[in-house]
Structures are given as C-alpha cells and as structure tokens.
Amino acid sequence: MKKSLKKPLVAAVQAGILLSTGLSTAIQYAHAEEPRAKRSAFLEEIIVTSRKRSVEENVQDIPAALSAFSEDMLDAAFVDTITDIGKMTPNVTLQNTGVAPGVPSYFIRGQGSSSSIPSDDPPVATIFDGVTFGTGNGSNMTTFDIESIEVLRGPQGTLFGKNTTGGAVVIRTARAGFETLADVKITAGSGNLVDLAARVGGTIIEDRVAGKLSVFYMDRDGNYDNVFLNQDFGAAENTVIRPYLRVTPSDELTLDLLIESGDINSHANPFKQIVPDVRVDPTDTDVERSGDPDKVALTTNGDNDMEWDHAILEAVYDTDNGVFTSITAVRQAHQILKDLDADGRGNDIFRLDFDTDQEQFSQEVRWAGTPFSNKDIDITVGAYYFSQEYVYRERRALSGGLLNVALGGDIEHDVWAVFARGNWKVTDQVTASAGLRFTDETKKGKVQNGATCDFDTQSCDFATPPPDAMGPFAATDDLEVDSSSVTPYLGIQWFPTEDAQIYASWSKGFRSGGLNVRTSTPTRDEPLYDDEEVNAFEVGGKFEMADGRVRLNTAAFLNRYDDMQRTVVIFDGSQQVRNAASADMYGLEIDLTASLTDNFTAIVAYGWLDGGYDEFNGIALPPGLDVASLEIDKLSNNSVSVAGIYDLDLGDNGAVTLRASYYHLDERAGDDTNTAFLDQLDMFDLSATWTSPSEKLRVSAFGKNLTNTNEETSAAVISLFDVRTPAKPRHYGIEVQYSFF
C-alpha cells in the first residue's frame, strides 16, 4: 500500500467520537428550555426490518451504518427512482450502468460494479420485499407505493449472504391493508414527461381478506437533443402494475401475496465521445463530443425493451415467543437492446446489441424470537435456497456492419445457505451480538465467442471452436465453479443513555466467483474467476438530542478485501474479470438531521473515503502508472449532501414547504486502469409544495440538476476513443397528488 492505514483510521474514529460528544453537549444545552415542536418527516421514527428480528426496530437502535427512508421522506425529496437515494447518503453512489437502461450500478463505500451482464454478480445486493434479485434487469424501479428503503453500508454476509461485500439496498412495498385507500399522483415535466400513479385498496372480507392495486405509467420524449439526427433523445414508456392481497386466516397467521409486472420501452443509453476519434476529421466541430449535458451525437437512438414479472408469497406465523416467516418467490426478466451507438459520435463505427433472459426461484424460512422465554436473548435462525437460469447473447457490429461478432453464455446457478444471528442483553446498557452463515454455491455454464454463436436465433455451438476465433480456444460446454463460504459477525453495543448508543463490529462477506459471458477470447481458464472476500471493521455512534430535534449518526470503517473482483474493459470493448489480489478501503460517515427552528430542518450527509490496492494481478497499466498509485474505480474521496426544508403554516389556507438541496461528489476514476476519470459533481435541486388544510391535496413544483451539471455514470476507453454515459441533465416539473380518504 502507498499509505499507512493506522493513522487515517484512528483519525476517523477520533473525529466521529469528538463530533458526537461535542455536538451532543452543545445542542442539548441550546435547546434545553424549548418545547418539542412538530417533527419534520426526516425526524420521525423509522421502523426497519433488515435485521430479520421478531420485533419492529427503530433505525436509531440498529448497531450499524444504515440510512432509512420512509414513504413521506421519499415524497418530500421528490425521489423518482432508487438511484436518487444515493445523493442523500454518505459514501453511496447509486446510478444506472453505462450500457443497459434500467440496470443499476450501485457503489457503497467504494465497492460496486458498472457491468451490465448477468454473470457479473454485483457486490451491492438489491433486495425487494425480502427477495434478492439474481440480475439487475428491472430493479431500478419507481418509488411510488414504496413503504421504506434501507441502504445498508458495509458487508451483510450473515443475514443476506453472498454478493453483499459492499452493502445492500433493501426495499419494502406498502402491503395491502384493511383501511380504505385511494391515492392518485400526476406529474408533468420537461421532455414532455407525463407520470400517472394511482393506488386503491381496502377490505374485501372483513378482518380476513384485504386487497390493493397500484399502477404506475410514465411517458416522455426525452431530455436530450440528438444533434446528429436532429431528434429528441431519451424517450421512454414505462408501466408497472402491482396487485397485492392480504389474507389473515387466523389472528396468528398472515399471508401476503405480492405480484408485480413491469415493462419499459425506451431509447438506448446516451453515449458521448470525449477524445476525438483519430480515424475521422478531429476538426469536425459539428459533432458533439462533450459540450452541453443535454446534447448527444448518435447515428441511431437505439431500442430498448425490458419486461419483468414476479410473485412473492410471504407467510408470517406468530407464536408466544417468536415469529415464523416463509418467503417464496419466482421472477423472470427479459431485456433486449438493439442498435446502441457505442462509439458516441456521429459515425457508424461500433454498434452493440444484447439480449438477457433470466428466471429465478427462491425460498427462505426462518424463526425469530426469544427461546426458553428468556427476554434477554433473542435469535434468528433460518435456511435459504436460490436457483436461477439465464441466457445472454451479445452482438458487436463494427464499421457499419462490415464485421459482426457474436458472443454469449448459458448459466445455471444454485445456492443454499443456513444462518443464525443472536443478541444477548448482558446488562441494561450493553448488548452483545453474534452471527454465522454457511453458503454453498454452484455455477455451471457455457461460454462462446465468434461465428458459431448467433445473436438472432439465440443459438451457440459451445463445443466447436469458431473458425475465426481470436486466440486459443477450448470447448466450454462443461464449465463449473463450486464454492462454499462461512461469514461470521461479532458486535457490541453500549447505550450510555436511552437516546445514545456506541457500537463496534467485525464481520465477513463474500462475493461469489463465476463465469464471464462477455469475454472476446474464451479459453478453458479465462472465463473463470474466484470468490471475493472481505473482513470489515466498524465503530460508530447514534445520538438523539435536544428533545428529539437533532439526530446525529457517525461511523468509521476499514474493509480489507482478498481476491477483489474487478471488471477490466480491454481494447476491443470486451471485458475480463480479474481477482485483484487484495485492497483496503477505509473512511468516515456523518449523518446529521436538525430541527433548527420550529419551521426549518437542516440535513447534512458527509462521507470521506480512501483506499488502494496491494496487488492487481494480470492487469496492463498505462505507462508511468503502477499498482501503488492506481485509484480504485468509482472511489470518490468526498461526498456531501446538504438540504434545507422550510415549513410555513398558512392556517386555514394550508401549508407551504420549501426545499433546497446541494450534492457534491469528488472526481473519481472511471475505470480500473485509470485511463478515464469522471468529473467532480456539484448539483442543486429546488422544490416548493402547497398542502391543503385537509392534507388530502398536494401541489408541487420541482427542479433537479438546475445548473445542468454534466453528470457521468461511466467511462470506457475502447480502441481509439473514450466514451462516457451521462445521467439525466436539468429537468423540472409540476406534481399534483390527491388522497381520497
């Protein structure tokens, strides 16, 4: 390592403790004489479920770095999709991948994945209503009718298993209930945006059966101008339908059936070329290379079609000393993308098509409670099974289709696990925790490249080397990766007062090895890669002060990775997955929410992050760069989020809420070889909302990225050009929300 870890980590821990204790004393003194005011939505108690216990838990009681958002908080911040949460959470970046629309690229504490292919298991898991998604297709969803979102920072190997070495995003939808419900929300905005969202629900059979139906529809022309075709770019049409049913056969048993069907039809992702392509005239200024954030220059807008369906049956049975839970789920997702202009310039040099078709089944059963009627001990024990199959095909059309190369793979994937987690209340102020999970996993597959793999018919001759294979080739019809892992957890929690806690923990996590289905030169060994493992150390504190007006959470951490998986984009635009030997990441996080007056609430989230590699096996670095100076892909040293919310009571005329927010993210490496960097971000949002006296009607105006900052989500140097994928430029709109009951 180029840096010593001891001093930065000690400094981070000391900073967190000093800030916690000093600010706690100052704010409590300042507000000691003031009565409790009506709390902001951001200071309300938030109930979380991610620890899988038998009792509901307040997020402030959890001994871990966890950011939780309720439905009211999501509405107040005008969160459209899951990616918006990243701009409100320290050391978290939630974006889309550069290639595939709607496929997430989540990074937590510097660990994540920018890949769009299904064989690249992400180190940040997406868990929806208790179900882990096997692929990212369709998981970056609308937040309408979402009850809560929890962003768990750091490895979650004990309770959630594999592929959580960075953390997890846990999403819970609003269940069907016996109270009558009818809401509608209409949004109109830039790019000819129209959003329609509605839900209706209530009792079907008194005290026994309840139902709910949620529908979301979005249509837009796009926020970009394609200057090459002189057309709007970024068009999308999205439909999501969620019918839910709740059945309570007895007072002890609750059955929730949760169904979702979604469909997105859209243009491809917007690629931009930054470095002029030397094969064309570099003085051609009519073609947009970087320039305005809302302009692109593409030979084709592309066509993306993604569909997904899932059904989840959650059964909860209450007993005198615990709760049995069963979660059974099936899901299928299919995404086909055609004519992605991957060179990002008005020349038909590199077009990309891909097709992903995935099916999965999972089953989790667990019991959580207090054994032997000992209220000082609670445990959660369970078993988990997961199985999926997917087919991936990709075609690369070069030089206007003069050369077409197809590649792909078929994968079968099975996982089973058993786990236990327990908490022992040693004294009224001290709680000790321990957990253990054993996971066994098998991936079987085939990988092919070249003329014997056909995109249109979805066929591949996996046993025969293609006649124009680039490099050595072996039959790939029997590749297999088997692995098993034990992921423990140990923690201690101290409550010096009822409104404060200090905690410390050690845990392990792992990200499973596998087969790379986007390799351009498959051999017997190249598609295969090993498990990634992490040892994580964390200390932190959580404090509520000034009679509930102030909430302060801090954490310091060190994550030590072995065989860290990195996806390296090579010269022809394909990728190779490497185990990068070892790496360390460490940092500090601060979350502060303060009701400074009865009307004004301030929110600050700050993350500091650093790290580097000890070794990086098999990587070709640019001249003058060695492993010691190599920056980790997407690792940003500083992230800052600041928001101010002002509530004005108008008496019989309702209320007005004004919100302003600022987001900063440092410059960061855009790829593993540091051949491209993503610019620093500074973004501003504003909104104003009027709420009627009955609180049934809400009318809002909002603007996001008002300075039109060029936010880039990915970078890749392919052959002779550097391409970037920008996120959404400046956009704005008006929203009307009405509740009938």
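Just the heavy atoms: all of them, side chains too, but no hydrogens, waters or symmetry mates, feed the values below. Everything numeric here is computed off the predicted structure, so don't read it as measured data.
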If the condition is ring pair (Phe, Tyr, Trp, His ring centres under 6.0 Å), which residues does [X] pass it with, not counting sequence neighbours?
{"X": "Phe78", "result": "Phe702"}
{"X": "Tyr489", "result": "none"}
{"X": "Phe133", "result": "Phe128"}
{"X": "Tyr662", "result": "Phe684"}

Decide yes or no for [X] and [Y]: does some side-chain heavy atom of the first lie under 4.5 Å from some side-chain heavy atom of the second?
{"X": "Asn553", "Y": "Ile590", "answer": "no"}
{"X": "Thr143", "Y": "Phe69", "answer": "no"}
{"X": "Phe616", "Y": "Leu630", "answer": "yes"}
{"X": "Val415", "Y": "Thr439", "answer": "yes"}
{"X": "Lys542", "Y": "Ile62", "answer": "yes"}

The side-chain hydrogen bond (donor to acceptor under 3.5 Å, both in side chains) partners of Tyr663 (sequence neighbours excluded) come to none
What pairs with Thr132 under side-chain hydrogen bond (donor to acceptor under 3.5 Å, both in side chains), at least two apart in sequence or on another chain?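 Not a single residue meets the side-chain hydrogen bond (donor to acceptor under 3.5 Å, both in side chains) criterion with Thr132.
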Could you go through the side chain to side chain contact (heavy atoms under 4.5 Å, CB included) check for Tyr561 and Glu532 one step at a time? CA-CA 7 Å; Tyr561 291 89; Glu532 167 185 286; 4.1 Å; yes
If a pair satisfies salt bridge (Lys or Arg N to Asp or Glu O under 4.0 Å) and one of its residues is in residues 85-98, list it, with sequence neighbours excluded.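 Every salt bridge (Lys or Arg N to Asp or Glu O under 4.0 Å) pair that includes a residue of residues 85-98, provided the two are not neighbours, is Lys87-Glu711.
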Using the test salt bridge (charged side-chain N to carboxylate O under 4.0 Å, His left out), find all partners of Asp353 that sit at least two apart in sequence or belong to another chain.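 Checked Asp353 against salt bridge (charged side-chain N to carboxylate O under 4.0 Å, His left out); matches are Arg395.
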Residues in salt bridge (charged side-chain N to carboxylate O under 4.0 Å, His left out) with Asp80, at least two apart? Lys704
Steps toward side-chain hydrogen bond (donor to acceptor under 3.5 Å, both in side chains) verdict (Gln680, Asp682): CA-CA 7 Å; Gln680 169 183 310; Asp682 292 282; 2.7 Å; yes
I'd like to know if Arg109 and Glu589 make a salt bridge, using a cut-off of under 4.0 Å between side-chain N and carboxylate O.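 Salt bridge present between Arg109 and Glu589.
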Pairing donors with acceptors under 3.5 angstrom, does anything connect the side chains of Asn535 and Trp506?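 Checked: Asn535/Trp506 side chains pair up, N/O donor to acceptor below 3.5 Å.
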Distance-only donor-acceptor check, side chains Arg153 and Ser67, under 3.5 Å: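 Distance-only check passes for Arg153 and Ser67.
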N/O donor to acceptor pairs below 3.5 angstrom from side-chain atoms of residues 100-107, sequence neighbours left out:
unit_1 : atom_1 : unit_2 : atom_2 : d
Ser105 : OG     : Ser113 : O      : 2.9

Who passes side-chain contact (heavy atoms from CB on, under 4.5 Å) against Ser636, sequence neighbours left out? Leu665, Asp666, Arg668
For Asp121, check side-chain contact (heavy atoms from CB on, under 4.5 Å) against everything at least two apart and list the hits.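 For Asp121, the residues satisfying side-chain contact (heavy atoms from CB on, under 4.5 Å) (neighbours in sequence not counted) are Lys162, Asn163, His413, Lys443, Ser512.
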